[in-house]
There are 2 protein chains.
Amino acid sequence: MRNTQATIRDIAIKLNISISTVSRALRGAPDVNQETKKAVLEMAEKLNYEPNRVAQSLRIKRTNTLGIIVPEISLHFFSSAISGMQEEAAQHGYSIMICQSLESFETEKQNVHMLAANRVDGLLISMSSETKDVAHIQSLINKNIPVVLFDRVSDALPVAKVVVDDHDGAFKATEHLIQTGCRRIAYIGGPLTFYISNQRKRGYLDALLHHNIIPDEQLIVHCHELHTEPLEQVKRLLSLPKTQQPDALFCLNDPIAVPVLQLLKEKNIRVPEEISVVGFTNEPVSAFIEPSLTTVSQPSHEMGKKAIELFLEQSHDLDNFTPVTATMKTTLLVRNSTRKV
Amino acid sequence: MRNTQATIRDIAIKLNISISTVSRALRGAPDVNQETKKAVLEMAEKLNYEPNRVAQSLRIKRTNTLGIIVPEISLHFFSSAISGMQEEAAQHGYSIMICQSLESFETEKQNVHMLAANRVDGLLISMSSETKDVAHIQSLINKNIPVVLFDRVSDALPVAKVVVDDHDGAFKATEHLIQTGCRRIAYIGGPLTFYISNQRKRGYLDALLHHNIIPDEQLIVHCHELHTEPLEQVKRLLSLPKTQQPDALFCLNDPIAVPVLQLLKEKNIRVPEEISVVGFTNEPVSAFIEPSLTTVSQPSHEMGKKAIELFLEQSHDLDNFTPVTATMKTTLLVRNSTRKV
DNA sequence: CTGAAAGCGCTAACAG
DNA sequence: CTGTTAGCGCTTTCAG
């Protein structure tokens, strides 16, 4: 933003007509003389005119911009979801503004404020694992700003959501472990307040119970932090007395499962012979790591698109809108980190 | 953007003072009575006031927003660069707006227009492989909008750039292939107008010449499209008469090299015994694929940060600014897709 | 079909 | 220390 940018006023003066006529011509209003319109368009071209969306937004009280908050852009699940959103949003004339919370509650709050200050027309949020208090998001709802939660959602918020059936995915994954002979299956999860982790834990527990396996509290791990703690916890589990050690690890997600697989390789523990590993998400590396990782795949790109669709529906009919939850399908991808049936 | 958002006017009325005083208090101007200031801040809090950056931007002619255009968000190199930018930008009070060109010139042009219309304070661009005409970017420069090109840059543009030494990286990679006994080394590159590809090709050629190997035109491939064509071309090379077949493939980047590696596996061609493969970029999968991919790594996150730094320098001193090019270090990561020395 | 005028929410002289 | 005033660039009545 500097000088030298032509405005409708410049066009109006050059053409010796009023700025309202220019404005009309530019926006293709019907009640404008063809000749005038042509002249305006030509002059705009000549002056390299670029509409000022900032001024427009202020006037029409819409920015045609959507805000997105994700924990970490560079995780493939999120960049892929963003990519889906971006494509869908662009098709409907929306730009997107992106923030990352880096799994920090404070940063997430700041992000929300920043995007609200920018008067985005809607917010698409995947919550940080740290977030339990959802007042900052609730306040958006109170201000009538459409919010769509995706993947990392919260029960406490009456908003549109895009999720996969985490319970079902976890159930299938755990059942697969059981069916391939595992009995002491550990769950490596996130904080106790982390909704998505709890859903997956419930699926895991239900699968155990369904197959008459009594859950062992010792094998259920809640990590407060998702980068280094999971590895520590796995090491701890592996140092338990032989009979108490797990014979399978069901990890909250692939970004946890992949390093776990590497750790096991370092320790010369054979996968899946000695221990099976299952992840969740299906990050690209998971197919390539040796052994390839059995995981529950989520349709990240489609989830992104869907989130935009839900926003659009909601924004068309803000007054009588009831929060919908779109549940997408997961697929259990059986690869080589689990035993054959 | 809907109703119910408090403005400084609301605060002024409630407190029975002028809006300029409110404005001053809110921005922490020095010449405001402590009491007044306190009252304003409290009232702002109470009304859930959120500054309107749209109005601010229009008035001060700066948006504190940066535009980013990348070919594809979900490629790790780009999402990682974006992540670096986002973190650095946030520290300096900038928001970011993201577009993807999807390797389409037309889309890239549209992106530029959209971001210009949004009056971003600067643009960070990694050009599509299709882009040869750079007039759309030149026009930004003419309008005094700071532009920083990163990774996918163009020679024709006098702007700040963040690159790696592509020539050097390619030279090292090719030399490594030669030193491990390869003689018929193919280059799988991009379009002839694709700057980065040409740089890498030159590094490749210079390495060959340096080692007295006469380049074979037949082994130098230019793909117009980067998703499916490279595989076709490799298949073609593999169907040449035995003596004309390559014994190594140096690929423009990892997103090409990885599928190539898979193709070779399908065809039961042993890597690196029968043919060596080298990539460029170092995507996360490259370390995990079997055999792991020898590649030239680029510091994506740092390149992103650096790009923001260059923007900041430039925007501080727009008038007498000379375009700098920051060249970052690459590292040859020798893994298992090439033979041992 | 066109123009005049008001105003979106905010900042920044200028004057007190 | 505070208030008045004039816009930033645009859209949108309301008149003609």
Side-chain angles (χ1 to χ4, degrees), chain A residues 1-41 43-44 47-65 93 116-121 143, chain B residues 1-41 43-44 47-65 93 116-121 143:
Chain A
M1 205 142 164
R2 273 262 287 196
N3 49 6
T4 52
Q5 270 286 21
T7 70
I8 53 170
R9 191 149 182 280
D10 298 326
I11 299 178
I13 291 173
K14 290 255 182 193
L15 257 33
N16 200 24
I17 57 179
S18 78
I19 62 166
S20 23
T21 303
V22 175
S23 174
R24 286 190 192 98
L26 248 21
R27 270 170 308 127
D31 51 350
V32 166
N33 185 307
Q34 280 305 316
E35 304 253 309
T36 324
K37 185 168 173 182
K38 190 154 158 279
V40 169
L41 259 26
M43 185 55 75
L47 296 181
N48 239 309
Y49 171 77
E50 192 84 66
N52 187 332
R53 285 237 266 169
V54 177
Q56 258 170 208
S57 297
L58 180 61
R59 179 61 238 241
I60 68 178
K61 291 173 166 295
R62 280 190 327 117
T63 53
N64 280 303
T65 299
N118 274 290
R119 297 298 190 269
V120 293
D121 294 340
K143 285 179 186 166
Chain B
M1 206 141 165
R2 275 263 286 195
N3 49 5
T4 51
Q5 270 286 20
T7 70
I8 53 171
R9 192 149 181 280
D10 298 326
I11 300 178
I13 291 172
K14 290 255 183 194
L15 257 32
N16 200 23
I17 58 178
S18 79
I19 61 167
S20 30
T21 303
V22 176
S23 174
R24 285 189 195 99
L26 249 20
R27 271 170 307 129
D31 51 351
V32 166
N33 185 307
Q34 281 305 316
E35 305 253 308
T36 323
K37 185 169 172 178
K38 190 155 157 278
V40 169
L41 260 26
M43 185 55 74
L47 297 180
N48 240 308
Y49 171 78
E50 193 83 68
N52 186 332
R53 285 238 266 170
V54 177
Q56 257 169 208
S57 296
L58 180 61
R59 180 60 238 238
I60 67 177
K61 292 172 165 294
R62 280 189 329 116
T63 53
N64 280 303
T65 299
N118 274 291
R119 297 298 190 269
V120 293
D121 294 339
K143 286 177 185 165

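Quick caveat, the model's predicted, so the values are computed rather than measured. Just so it is clear: chains get the letters A, B, ... in the order the sequence lines come, proteins before strands, and each one is counted from 1.
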Exercise for the section: Whole angstrom is fine here: how far is it from NZ in A:Lys61 over to C1' in D:dG9? Expected result: 16 Å
Exercise for the section: Check for a donor-acceptor pair, side chain of A:Ser57 on one end and backbone N or O of A:Arg53 on the other, with a separation under 3.5 Å. Expected result: yes
Handout entry: Close approaches to DNA chain D from residues 18-26 of chain B, in residue order (heavy atom, under 4.0 Å)
Key = B:Ser18, B:Ser20, B:Thr21, B:Arg24
Exercise for the section: Compare every heavy atom of B:Ala12 with every heavy atom of B:Ser18, then report the nearest pair and how far apart it is. Expected result: C-CB, 3.9 Å
Exercise for the section: Calculate the interatomic distance between B:Leu15 atom CG and D:dG3 atom C1'; express it in whole Å. Expected result: 15 Å
Fill in the blank from the handout: Closest non-hydrogen atoms of A:Arg9 and A:Ile19, given as atom of the first, atom of the second and distance, are CA-CG2, 3.7 Å
Handout entry: Start and end of chain A contact along DNA chain C [non-hydrogen atoms, under 4.0 Å]
Key = C:dC1 to C:dG9
Problem - Residue whose closest nucleotide on DNA chain D lies nearer the 5' end, A:Tyr49 versus B:Val32 - result: B:Val32
For residues 29-36 of chain A, please give each side-chain donor-acceptor pair under 3.5 Å, one per line with the distance, not counting sequence neighbours.
residue : atom : partner : partner atom : Å
A:Asn33 : OD1  : A:Glu35 : N            : 2.7

Practice task
Whole angstrom is fine here: how far is it from CD1 in A:Ile8 over to C1' in D:dT12?
Solution key: 11 Å
Practice task
Just jot down the side chain to side chain donor-acceptor pair (under 3.5 Å) partners of A:Arg24, sequence neighbours excluded, or say none.
Solution key: none
Practice task
Remember a base hit wins even if backbone is also touched, and classify A:Asp31 as base, sugar-phosphate or nothing at under 4.0 Å, heavy atoms.
Solution key: base
Problem - For A:Lys14, side-chain contact (heavy atoms from CB on, under 4.5 Å) partners two or more places apart - result: A:Met43, A:Leu47
Exercise for the section: Kindly give the heavy-atom pair with the smallest separation between B:Ile8 and B:Ser23, and that separation in Å. Expected result: CD1-CB, 4.3 Å
Fill in the blank from the handout: Nearest-nucleotide check on DNA chain C, B:Arg9 vs A:Gln34; residue mapping nearer the 5' end is A:Gln34
Exercise for the section: May I have the distance from B:Asn16 (atom CG) to D:dT2 (atom C1'), rounded to whole angstrom? Expected result: 13 Å
Fill in the blank from the handout: Minimal heavy-atom distance between B:Gln56 and B:Pro51, with the atoms involved, is OE1-CB, 3.8 Å
Exercise for the section: Check each of A:Asp121, A:Asn118, A:Val120 against A:Thr65 using the side-chain contact (heavy atoms from CB on, under 4.5 Å) test, and report the only one that passes. Expected result: A:Val120
Completion exercise
Of all heavy-atom pairs linking B:Lys37 and B:Gly28, the shortest is NZ-CA, 4.0 Å
Exercise for the section: Specify the separation, in whole Å, of atom CD of A:Glu50 and atom C1' of D:dG9. Expected result: 14 Å
Practice task
Locate the shortest heavy-atom distance separating A:Leu26 from A:Tyr49; write the atom from each residue and the value.
Solution key: CD2-CE2, 3.6 Å
Problem - Distance in angstrom units between B:Leu58 CG and D:dG9 P, rounded - result: 7 Å
Fill in the blank from the handout: Angle separating the five-pair end axes of the helix from C:dC1-D:dG16 to C:dG16-D:dC1, nearest 10°, is 40°
